[in-house]
Protein chains: 2
Amino acid sequence: MKAHILVVDDDPRITDLLRRVLAYEGYSVAIAVSGNEALNRSLERPPDLVVLDIMLPGLNGLEVAQRLRAAGDNVPILMLTARDAVADRVKGLETGADDYLVKPFAPDELVARVKALLRRSQEERHEVLRYADVELDTGTRVAHRGTREIELSPTEYELLQLLMKRPRQVLTREIILDRVWGMDFEGSSNVMEVYIGYLRNKLEAEGEPRLIHTVRGVGYVFKE
Amino acid sequence: MKAHILVVDDDPRITDLLRRVLAYEGYSVAIAVSGNEALNRSLERPPDLVVLDIMLPGLNGLEVAQRLRAAGDNVPILMLTARDAVADRVKGLETGADDYLVKPFAPDELVARVKALLRRSQEERHEVLRYADVELDTGTRVAHRGTREIELSPTEYELLQLLMKRPRQVLTREIILDRVWGMDFEGSSNVMEVYIGYLRNKLEAEGEPRLIHTVRGVGYVFKE
DNA sequence: GTTCCGTCTCAGGTTGATCTCAGTATCGCT
DNA sequence: AGCGATACTGAGATCAACCTGAGACGGAAC
């Protein structure tokens with residue numbers, strides 16, 4: 001649903017500004033203040049885009065970009081560079097950044113670039129999630145169980161994608177509600193249960209074994 | 001065959017610099033010092049890329065870009081903007097520029113961007129898109145369904161081309177609005193729906209099966 | 001000027017996704 | 001086994017998304 005953006009900078013003025021601006025645009029935002037923290041957060045919750053300052057304590061921005069790419073991550077990266085550090089910009093683009101912005105920048109411009117990058121990556125990044133005999137193609141948004149094709153509504157798709165991105169791992173109800181419905185509290189609704197039901201119906205329509213398992217009092221897991 | 005680049009700027013220092021640098025890289029270079037001259041030269045010899053200053057006597061850069069796009073020309077445009085004219089940059093990207101560079105810039109950087117843009121656009125030219133019993137010739141801009149010839153207005157063409165370039169893949173409304181109409185927000189217009197309707201009418205005029213499918217809440221797909 | 005064409009807006013109708021609710025089933029515990 | 005808490009299910013109401021036809025508007029061609 002809403003894209004997740006990781007902002008990496010050690011200047012609190014920048015991170016505060018970006019958190020506000022990006023949250024206002026409807027993105028969910030994570031902050032890291034060092035290169036190492038950035039890599040960790042990126043593992044915890046893989047972002048859809050990274051805003052990365054070049055000047056960082058410890059591991060610098062170029063190195064972070066390199067590590068991400070080396071690990072096979074092709075998340076779009078927007079680099080922030082100091083004014084006049086032209087050589088850096090060029091190097092940044094070569095190292096795997098997808099765009100850069102010169103500090104100081106106008107929030108409007110950052111937002112425009114972020115949107116453009118997300119659009120581009122959304123177009124190019126069609127991956128196929130697989131587990132057991134289930135496939136989910138993020139390009140066509142169609143699922144398969146064995147050879148059977150399964151059409152999904154937007155919400156069903158979001159939910160299945162979330163579960164399949166972390167197979168064998170239990171996702172709590174709080175996390176699911178937040179990621180799929182953007183609710184940050186557990187209110188008195190049972191939408192999630194209803195949609196789990198929809199997915200189970202579709203995935204087990206021909207009597208196949210259950211893949212979405214309930215973990216009572218906690219959440220759900222996708223596993224055999 | 002070396003690419004032809006049109007440089008539009010009224011500052012002789014800039015045009016001289018660019019002529020030298022680009023010629024050194026093996027491009028053929030034309031110069032225009034006003035918006036009107038740019039449009040004329042563009043007719044005389046259609047360039048493979050335009051480097052366009054925003055501040056121009058007479059017709060300004062944004063207007064030139066708009067005219068080119070309105071005439072159906074999708075030549076890549078690299079905008080030059082004065083430092084700090086942030087609003088212009090944003091507007092530039094919205095108006096149909098493909099990239100921009102802030103003055104003053106390093107020649108190396110300009111060359112890098114020019115190369116990137118040319119590479120991108122080269123992948124996109126003169127071909128015949130085919131899917132199922134539909135053909136779209138990007139040279140003549142005419143479509144066929146089976147043996148029936150279908151004429152398309154400029155907007156219809158853009159839309160169909162976008163869909164046919166990625167058959168079976170779901171294109172989000174956001175992406176479509178951006179690529180075809182240059183809107184970077186989802187406003188309260190339903191042009192896109194109207195044009196989807198036009199295309200469907202033309203493609204299914206003789207009762208053929210539907211190829212443009214709606215993906216509710218997401219966008220559209222071109223598939224059987 | 002008139003006509004034509006392409007584009008876009010608007011309003012009304014239709015469909016399909018989403019959510020709520022109430023009743024039922026299941027689980028884990030004593 | 002029996003109980004309370006938790007999860008599932010089916011049916012239907014609600015609401016947003018989408019489609020369509022008619023027409024306004026502007027620019028280009030005649």
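Naming: A, B, ... by sequence-line order, numbering from 1 per chain.
Between the side chain of N190(A) and the base of dT9(D) there is at least one donor-acceptor pair of N/O atoms closer than 3.5 Å. One donor-acceptor pair, N or O on each side, does fall under 3.5 Å between the base of dA17(D) and the side chain of R216(B).
Considering only the side chain of V194(A), dC21(C) comes nearest among dA7(D), dC21(C), dT9(C). When distances are taken from the side chain of R173(B) to each of dC19(D), dC18(D), dC8(C), the shortest belongs to dC18(D). Of the candidate nucleotides dC19(D), dT18(C), dG23(D), dC19(D) has the atom lying nearest to any side-chain atom of Y220(B). Closest to the side chain of Y198(B), from the set dC8(C), dA7(D), dC18(D), is dC8(C).
For dT7(C), one of the phosphate oxygens OP1 or OP2 lies less than 4.0 angstrom from a side-chain nitrogen or oxygen of T155(B). For the OP1/OP2 pair of dA17(D) and a distance below 4.0 Å, the side-chain nitrogens and oxygens of T214(B) include no atom meeting the criterion. Distances shorter than 4.0 Å separate some side-chain N or O of S189(B) from OP1 or OP2 on dT9(C). Residue S153(A) has a polar side-chain atom (N or O) positioned under 4.0 Å from OP1 or OP2 of dT18(C).
A salt bridge does not link E204(A) to R145(A): none of the charged nitrogens lies less than 4.0 Å from a carboxylate oxygen. Using a cut-off of 4.0 Å between Lys/Arg side-chain N and Asp/Glu carboxylate O, E25(A) and K115(A) are scored as salt-bridged.
Per the geometry, CD belonging to E193(B) stands 13 Å off C1' belonging to dT15(C), to the nearest Å. In this structure, CG of L177(B) is placed 14 Å from C1' of dC18(D), rounded to the nearest angstrom. Distance I196(B) CD1 to dT15(C) C1': 17 Å, rounded to the nearest Å. If you take CE of M192(B) and P of dA17(D), they are 12 Å apart, rounded to a whole angstrom. Here dG21(D) presents its P atom at 16 Å from OH of Y195(B), a figure rounded to the nearest Å. For the pair L199(B) CG and dC8(C) P, the computed distance is 13 Å after rounding to whole Å. Rounded to whole angstrom, the span from the CG atom of L159(A) across to the C1' atom of dC19(C) amounts to 15 Å. Distance W181(A) CH2 to dT18(C) P: 9 Å, rounded to the nearest Å.
Atom CD of E44(A) is surrounded by more than 12 heavy atoms from other residues, nucleotides or ligands within 6.0 Å. For K165(A), the NZ atom counts as loosely surrounded, since its 6.0 Å shell holds 12 or fewer non-hydrogen atoms of other residues, nucleotides or ligands.
Place G217(A) and H213(B) on DNA chain D by their nearest nucleotides, and G217(A) ends up nearer the 5' end. With DNA chain D read from its 5' end, the first of the two nearest nucleotides for R200(A) and V215(B) is the one closest to R200(A).
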Residue pair T140(A), R166(B): steps toward the side chain to side chain contact (heavy atoms under 4.5 Å, CB included) verdict:
CA-CA 10 Å; T140(A) 61; R166(B) 293 179 174 69; over 6 Å; no
